[in-house]
Participant: 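Take this structure, written in structure tokens, and hold onto it; I'll ask about it next.
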Amino acid sequence: MPQSLSNVLVHVIYSTKNREPFLRDVRLRRDLEAYLAGSLQSIDCSAIALRVVADHLHVLCRLSRTVTIAKLIETMKTESSKWIKRHSRGTPAFRWQAGYAVFSVSASNAGRVKRYIENQDEHHRAKTFQDELRAFFRRHQIEFDERYVWD
């Protein structure tokens, strides 16, 4: 086969440092979503769904066959952090947490994950970020130690 083709979908989740609600401003969040979509496109990892809430974000994207997960996260965190610190509605004190969570998503489940991400604002009226992430870990059978997950 002379062509190299892939369709690797990943759901990325990470929070602000100590889950500080740095991103309360809705206009800042929507601007950040647009900026992140552009950053992802620049490394050939197109965003399918992207939602930023006050203290964390969710991204469903297509992972380029030439980009590692580590490079994906590094690009997202570095570029967005610099952007937030410069934005008129942002703050120089802004920081993302050190860690992250990434889950594989089958093409057949992408629509469901996209809807889940798009409904984050409503979803978090009833569930905290920590409870949400714990549920993801259980669903994806990931063992974790509470002492090291949150920063």
Participant: Starting at OH of Y14, measure out to CD of Q97 and round the result to the nearest 0.5 Å.
Facilitator: 9.5 Å
Participant: When you check the gap from the basic side-chain N to the acidic O, do D121 and R29 get nearer than 4.0 Å?
Facilitator: yes
Participant: If Ile, Leu, Val, Met, Phe, Trp and Tyr residues are connected whenever their side-chain heavy atoms lie under 4.5 Å apart, and connections chain through other members, are Y100 and V113 in the same group?
Facilitator: no
Participant: Side chain to side chain contact (heavy atoms under 4.5 Å, CB included), that's the test. Do W83 and L36 meet it? Break it down for me.
Facilitator: CA-CA 10 Å; W83 182 88; L36 274 166; over 6 Å; no
Participant: Identify the heavy atoms of D131 and K127 that sit nearest to each other, and give their distance.
Facilitator: CB-CG, 3.8 Å
Participant: Run V105 and V10 through side chain to side chain contact (heavy atoms under 4.5 Å, CB included) and show every step you take.
Facilitator: CA-CA 6 Å; V105 176; V10 293; over 6 Å; no
Participant: Is the count of non-hydrogen atoms from other residues, nucleotides or ligands lying under 6.0 Å from R27 atom CZ greater than 12?
Facilitator: no
Participant: Answer yes or no: are there more than 12 heavy-atom neighbours, outside I142 itself, under 6.0 Å from its atom CD1?
Facilitator: yes
Participant: Might you work through the ring-ring contact (aromatic ring centres under 6.0 Å, His included) test for W96 and F94, ending with a clear yes or no?
Facilitator: CA-CA 7 Å; W96 292 115; F94 180 82; 4.8 Å; yes
Participant: Salt bridge between E118 and K114, side-chain N to carboxylate O under 4.0 Å?
Facilitator: yes
Participant: Shortest non-hydrogen contact from P92 to K85?
Facilitator: O-CE, 3.7 Å
Participant: To the nearest 0.5 angstrom, please state how far the OG1 atom of T91 sits from the CD atom of E20.
Facilitator: 10.5 Å
Participant: With distance as the sole test, does R89 use its side chain to make a donor-acceptor pair with the main-chain N or O of D25 at under 3.5 Å?
Facilitator: no
Participant: Verify, without hydrogens or angle tests, whether K71 (side chain) and T66 (backbone) share a donor-acceptor contact under 3.5 angstrom.
Facilitator: no
Participant: Got a sec: does the CZ of R30 have more than 12 other heavy atoms crowding it under 6.0 Å?
Facilitator: yes
Participant: What's the spacing between E79 CD and S42 OG if we round to 0.5 Å?
Facilitator: 7.0 Å
Participant: Is the closest side-chain heavy-atom distance between V67 and C45 below 4.5 Å?
Facilitator: yes
Participant: For R19, I'd like to know if atom CZ has over 12 heavy atoms of other residues, nucleotides or ligands within 6.0 Å.
Facilitator: yes
Participant: For A101 and L133, which heavy atoms make the closest approach, and how far apart are they?
Facilitator: CB-CD1, 3.9 Å
Participant: Give me the atom names and distance for the closest heavy-atom approach of S80 to L32.
Facilitator: CB-CD1, 3.7 Å
Participant: Can you name the one residue among L40, I13, I73, L72 that meets side-chain contact (heavy atoms from CB on, under 4.5 Å) with V59?
Facilitator: L40
Participant: On a heavy-atom basis, which atom in R65 and which in S6 lie closest, and how many Å separate them?
Facilitator: CB-OG, 3.6 Å
Participant: Closest approach of T75 and S39, non-hydrogen atoms and distance?
Facilitator: CG2-O, 4.3 Å
Participant: Give the C-alpha distance, both sets of side-chain angles, the deciding distance and a yes or no for side chain to side chain contact (heavy atoms under 4.5 Å, CB included) between N119 and R51.
Facilitator: CA-CA 8 Å; N119 289 317; R51 182 65 62 197; over 6 Å; no
Participant: Treating Ile, Leu, Val, Met, Phe, Trp and Tyr as nodes and any side-chain heavy-atom pair under 4.5 angstrom as an edge, say whether L50 and L60 lie in one connected cluster.
Facilitator: no
Participant: With rounding to the nearest 0.5 Å, note down the distance linking CD1 in I48 to CD1 in I117.
Facilitator: 8.5 Å
Participant: Same cluster for V26 and I84 if Ile/Leu/Val/Met/Phe/Trp/Tyr side chains link at under 4.5 Å?
Facilitator: no
Participant: Below 30° counts as parallel, above 60° as perpendicular, anything between as tilted: where do the rings of F136 and Y116 land?
Facilitator: perpendicular
Participant: Check whether any side-chain heavy atom of F137 lies under 4.5 Å from a side-chain heavy atom of V149, and answer yes or no.
Facilitator: yes
Participant: Under a single-linkage definition using a 4.5 Å side-chain heavy-atom cutoff for Ile, Leu, Val, Met, Phe, Trp and Tyr, are L63 and F103 assigned to the same hydrophobic cluster?
Facilitator: no
Participant: Do NZ/NE/NH1/NH2 and the carboxylate oxygens of E146 and R134 come within less than 4.0 Å?
Facilitator: yes
Participant: Which value, rounded to the nearest 0.5 Å, describes the distance between N109 atom CG and L9 atom CG?
Facilitator: 10.0 Å
Participant: Mind checking the CD-SG spacing from Q41 to C61? Nearest 0.5 Å is all I need.
Facilitator: 10.5 Å
Participant: When the ring planes of H56 and H58 are compared, do they come out parallel, tilted or perpendicular, using 30° and 60° as the limits?
Facilitator: perpendicular
Participant: Side chain to side chain contact (heavy atoms under 4.5 Å, CB included), that's the test. Do S81 and R95 meet it? Break it down for me.
Facilitator: CA-CA 7 Å; S81 184; R95 289 180 55 197; 5.8 Å; no
